[in-house]
Amino acid sequence: MAILLSTKASAMQAWRDALLAIAPDLDIRMFPEAGNPEEIEAAVCWNSHDMAELRRYPNLKLLVSMGAGVDHLLRAPGPPPGVPVARLKDERLTTGMGEWVLLNVLRFHRQDAEYRAQQAARIWRELPAPDTAQRRVGILGLGQLGTHAAGLLRMVGFPVLGWTRAPRDIPGVTCFAGADGLRAMLTQTDILVCLLPLTPETRGIINRDTLALLPPGAFVMNSGRGGHVVADDLLAALDCGHIAGAALDVFEPEPLPPEHRFWGHEKVLVWPHASSITIPSSAAPQVVENIRRMRQGRPLINLVDFSAGY
Ligand code: OXD
């Protein structure tokens, strides 16, 4: 029996090598070279793979999605019915995201844009010292990524607030939940960091109304999904000066079209969905573990909770 591997062309070989390094006996078929469809027992795919195509494999018993986010699986037609779906929970993805959050929080907090502008004009001028203990960072989403980022920010000395759908209790983080909690957190947030999964409830969560609740001069960061931000509302809030700047790693659509205003906006830092990149050698062990468990009929790990949307 064989494994179907499907991801962007640039990552295909590295994934194949990483899986074979742990399990040299795996028969890996690199999409579209699937061979006999009846021989495919597991598919390891990323979000560009057409879920309808997976219905061609009558003996498919496992789908592993090669990322943390699962929004592509929630869209019709979704994975073949009855096939368990696992996602990646990878330490390197988590630490990479923590670095991205810290980098952009500190860039804003330490007035990097202003100092770079001064450098370009050869101006030697000290700006007022920022006060870390007064700069409140509010994180939307306190899953593995959000909790790790919160810990890093706390270590630096920022007051950290966090919002989740259902109440959470994380030591050192002022936690908010539900619609009222969201409003309450936003009014106290100087730097907003979105690390949410994209679900019907979180789509468009950063919009005209929620941006208006942030204190004037707030900074907005999104590394969840592009659909979390209503782009025109964010642009309007940046243009009128209410929002001081934004660091955006995810967009709708991706790639961000060349004519999009975000590209050339002086207050926007654009990242090409690269805040945290899956490293095959780090993520491969859990994929192989799930293939082994599937073959032995043991419970799978990192299963997607479709009712929660992550
Ligand atoms: C992911 C991503 O979900 O790369 O892993 O966005």
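Counting starts at 1 for both ligands and their atoms, in listed order.
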Would you please name every residue forming a ring pair (Phe, Tyr, Trp, His ring centres under 6.0 Å) with Phe108, sequence neighbours left out?
Phe219
Sequence-distant partners of Arg55, side chain to side chain contact (heavy atoms under 4.5 Å, CB included), two or more places apart
Met51, Pro77, Pro80, Pro81
How many angstroms lie between atom CG of Leu182 and atom CE of Met185, to the nearest 0.5 angstrom?
6.5 Å
Does this structure show an ion pair linking Asp112 with Arg116, if we count only N-O contacts that are shorter than 4.0 Å?
yes
From the options Thr189, Thr210, Val193, Leu192, select the one residue that forms a side-chain contact (heavy atoms from CB on, under 4.5 Å) with Leu140.
Leu192
Identify all N/O pairs between ligand 1 and the protein with a separation under 3.5 Å and present them as a table of atom names and distances.
residue: ligand 1; atom: 3 (O); partner: Ala68; partner atom: N; Å: 3.3
residue: ligand 1; atom: 3 (O); partner: Gly69; partner atom: N; Å: 2.6
residue: ligand 1; atom: 3 (O); partner: Arg225; partner atom: NH2; Å: 2.8
residue: ligand 1; atom: 5 (O); partner: Ala68; partner atom: N; Å: 2.7
residue: ligand 1; atom: 6 (O); partner: Arg225; partner atom: NH1; Å: 2.8
residue: ligand 1; atom: 6 (O); partner: Arg225; partner atom: NH2; Å: 3.3
residue: ligand 1; atom: 6 (O); partner: His273; partner atom: NE2; Å: 2.6

Side chain to side chain contact (heavy atoms under 4.5 Å, CB included) against Ser281, all qualifying residues, sequence neighbours excluded:
Ile279
